[in-house]
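For reference, the structure is listed below as structure tokens.
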There are 2 protein chains.
Amino acid sequence: MSKKPTMQDVATHANVSIATVSYVLNGVKKVSDKTKEKVFESIRELNYYPDSSAVSLSRRKSNLIGILIPMLGDSPAAMFKKNIYYNEFVSGIEVISRKNNYDTMISGVAEPEDVKGWVKKRNLDGLIYIGELPENLYEELIQLDVPLVLIDTYAKEAANYNNVRIQDERGGYLATKHLIELGHTKVAFVPTNLQTSPVDLHRMNGYRRALSESGIAFDEDLVFESYDVKFEQPALVNRIVTADPAPTGIVTVSDVLAIGVINELKKLGKSVPDDYSVIGFDDLIISEYITPPLTTVRQDIFTKGRTAAELVIASIEEESHGHNTVVLPVELVERESTRKL
Amino acid sequence: MSKKPTMQDVATHANVSIATVSYVLNGVKKVSDKTKEKVFESIRELNYYPDSSAVSLSRRKSNLIGILIPMLGDSPAAMFKKNIYYNEFVSGIEVISRKNNYDTMISGVAEPEDVKGWVKKRNLDGLIYIGELPENLYEELIQLDVPLVLIDTYAKEAANYNNVRIQDERGGYLATKHLIELGHTKVAFVPTNLQTSPVDLHRMNGYRRALSESGIAFDEDLVFESYDVKFEQPALVNRIVTADPAPTGIVTVSDVLAIGVINELKKLGKSVPDDYSVIGFDDLIISEYITPPLTTVRQDIFTKGRTAAELVIASIEEESHGHNTVVLPVELVERESTRKL
DNA sequence: CTGAAAGCGCTTACAG
DNA sequence: CTGAAAGCGCTTACAG
């Protein structure tokens, strides 16, 4: 095959200097229209594409955005693999990035040191981090001085960065309120892990607000941590069905959990929504198609990804490294996993 | 923040030339152990990471692998977004790539010209393409002379590249055979699109083989193209339930389709597996947790991704641009969406 | 409006 | 075993 044409080839072909080609390409300086025309013509004919390694090197800008996905346990991919959620999220980032001429790379986060290395090595222009950032990573990242967007974070350090979150408190509130309105008074709350997940804590605040608004006392015995976002939840569900007081409604912090809970309940011969009303959180694509179709709190994960990408890119291009926080709305979607008591 | 250290900084710090640093880093030439030690020491102290733009530029190698995802309709992401499948696949690629010091980028494929541009721009070392490659893309890619792995392709041109496929024919066979063994004689086959999908055609060959093996005549009227891999399938299912002959078993080419079919059947008051036995294909993570748990033909998508990555990387590093074809096994997973007639 | 030249941070023959 | 220097393909002051 023929070697890839360089800027020099274009310059020669157009009978100008490479500086001029560069100017034309970057829309910089006033280049005469005829020259511009010639150059574009040559670019087209030679089918020229600027070499981004060279561009990155000389411009100190890679047009690369890194997406950091926290690891749960072993491999970064395992996380990505299991969590249907990331699919849409990454998708949103991808769309906006491409539109703005950025490419995206994904990496699992193991050691903070690795992240730093990655950013430096690849000259990443910006970073999107999903979830609570480990303390030590904050320090590393500050040193890196790279535009950063934090997703679903409530850490105080987060205030120094861009943030995209959703109305977590309101989500918990809406879900609980819904069950209460349906006549449920014994409502369980199923977070992942209250120690490690501020998001869960905020949703629980909403849960508590809804309870107290209706004069229902908060009961610790109705909070069941699952510790793991996965479909298999025998232990969790066992605790729920044997709980005292016995709940009739279950507010969950994710659709995956809700599906898991419904599944285990079925195994125990219980019916949803006849015996238990269950609410999810997220509204995954699949949630409408399970049995029963899941009542859930919808968040627009795709938009979350888009917003995150828009924020990093703005931050990169303004050189302002601003810290904006965008809180996206949530909404209750009533389907058939909840019923009037 | 302090500027990122360069190789020069390391050289100065270690009191050697940058050439030596480079040699040490690349394990090339025989550098004395003391020197090596000094250099590594400096690298550690300065927390140095080679700039990959510079490396790419001088070594003409980006250590970047591009994943091409075909677009269905509008945005590339839309595809990625909807198809739960890609999640695992990309995950597999990612794991192997990272282990081999490659990063991966994902792009939707719109115009073949765009792909070419992307490869040239980013100096991609290798490419993984999912699905049937448009004719004109073959030509473009040949010119690019970049290691390529084709996934699930049956085009004759594909023989010139690396391929990863699964036992499609066998999958169709196993699914159909299973239904026949359960006593079904009127078995429907639901492909996506026989015109555009050789994969579907191969699975149908398996379907036909199982039929003929049992002395059941193939009946065109029992083939129902869905034309779209999505959960909503009212028209499709309407055709199925009103078909003559009336099928009792349904072999489907994807879990998404199967879930869609089951869903529509329920809406029509039909029960699975009581009225219809339905089989999927893929065995998505979710498929075990829907109602009824889906009987399906499992393929290991994660391994498919891993294999694809291994092939490109081998191809990149051997400079041999080989064309190996790996056919991964499939296996029938019996769950509860099928029953004895 | 256009170009010569230095520089971005590496790699790699070539000398020694 | 080690280093000086050219080169990878761009960008960008600086001159003109």
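Quick caveat: nothing in here was measured; it's all calculated off a predicted structure. The chains referred to below are lettered A, B, ... by the order of the sequence lines, with proteins before strands, and numbering in each begins at 1.
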For a 4.5 angstrom cut-off between non-hydrogen side-chain atoms, does A/Thr325 reach A/Asn162? no
State, without any angle test, whether B/Ser91 and B/Asn87 hold a side-chain donor-acceptor pair at a distance under 3.5 Å. no
If I take atom CD1 in residue A/Ile18 and atom C1' in nucleotide C/dC8, what distance separates them, rounded to the nearest angstrom? 13 Å
Just call it for B/Thr6: base, sugar-phosphate, or nothing, with non-hydrogen atoms closer than 4.0 Å on any strand. sugar-phosphate
Nucleotide of C/dA4, C/dG9, C/dT11 approaching B/Asn26 most closely (side-chain heavy atoms): C/dT11
Is any side-chain N or O of B/Thr20 closer than 4.0 Å to OP1 or OP2 of D/dG3? yes
B/Ser58 or B/Lys36: which one's nearest nucleotide on DNA chain D is closer to the 5' end? B/Lys36
At 4.0 Å (heavy atoms only), tell me whether A/Val16 reaches a base, stays on the sugar-phosphate, or touches nothing. sugar-phosphate
Does the pair A/Arg44/A/Glu41 count as a salt bridge with the N-to-O cut at 4.0 Å? yes
ring-ring contact (aromatic ring centres under 6.0 Å, His included) with B/Phe40: which residues, sequence neighbours excluded? none
If I take atom CG in residue A/Asn15 and atom P in nucleotide C/dT2, what distance separates them, rounded to the nearest angstrom? 12 Å
Heavy-atom nearest pair, A/Asn163 first then A/Ala158, reads ND2-O, 2.8 Å
Is B/Arg60 near enough to D/dG9 that one of its side-chain N or O atoms lies under 4.0 angstrom from OP1 or OP2? yes
Let me confirm one number: the CD1-OG1 distance from B/Ile166 to B/Thr303, rounded to the nearest 0.5 Å. 12.0 Å
Euclidean distance, atom CG of residue B/Leu57 to atom P of C/dT12 [Å, nearest integer]: 12 Å
Can you tell me which stems DNA chain C forms when a stem means 3 or more consecutive Watson-Crick or G-U pairs under 3.5 Å? C:1-3 with D:14-16, C:5-12 with D:5-12, C:14-16 with D:1-3
Verify the distance criterion only: is there a donor paired with an acceptor across the side chains of A/Asn123 and A/Ser56 at less than 3.5 Å? no
What is the distance, rounded to the nearest whole Å, between atom CZ of B/Arg122 and atom P of D/dC8? 22 Å
When you measure from the side chain of A/Thr12 to the backbone of A/Gln8, do you find a donor-acceptor pair of N or O atoms at a distance under 3.5 Å? yes
Report yes if a side-chain nitrogen or oxygen of A/Ser53 is closer than 4.0 Å to either non-bridging phosphate oxygen (OP1 or OP2) of D/dG9; otherwise report no. no
From the list D/dG9, C/dG9, D/dT11, which nucleotide is the closest neighbour of the side chain of A/Asp51? D/dG9
Distance below 4.0 Å between A/Ser56 side-chain N/O and C/dC8 OP1 or OP2: no
The side chain of B/Ser32 lies closest to which of these nucleotides: C/dC1, D/dT2, C/dC10? D/dT2
note: A/Asp33, atom CG; C/dT2, atom C1'; distance rounded to Å ~ 15 Å
For the pair made of CD in A/Gln8 and C1' in D/dC10, what is the distance, rounded to whole Å? 11 Å
Checking all strands, does B/Ser22 fall into the base, sugar-phosphate, or nothing category for heavy-atom contacts under 4.0 angstrom? base
Nearest-angstrom distance from the residue atom NZ of A/Lys61 to P of D/dC10: 17 Å
When all nucleic acid strands are considered with a 4.0 Å heavy-atom cut-off, which category describes A/Leu25: base, sugar-phosphate, or nothing? nothing
Is the shortest side-chain N/O distance from B/Arg59 to OP1 or OP2 of C/dT11 below 4.0 Å? yes
Can you list the steps and then say if A/Lys34 with A/Glu37 is a salt bridge (charged side-chain N to carboxylate O under 4.0 Å, His left out)? CA-CA 5 Å; A/Lys34 327 117 209 293; A/Glu37 194 41 56; over 6 Å; no
Is any side-chain N or O of A/Tyr48 closer than 4.0 Å to OP1 or OP2 of D/dC10? yes
Mind checking A/Thr35 for me? I need base, sugar-phosphate or nothing, with any heavy atom below 4.0 Å counting as a touch. sugar-phosphate
Could you check whether the side chain of A/Tyr23 and the base of C/dG3 have a donor-acceptor pair of N or O atoms closer than 3.5 Å, going by distance alone? yes
How long is the line joining CD of B/Glu37 and P of D/dT2, in whole Å? 13 Å
Are any of A/Ser52's side-chain N or O atoms less than 4.0 Å away from OP1 or OP2 of D/dC10? no
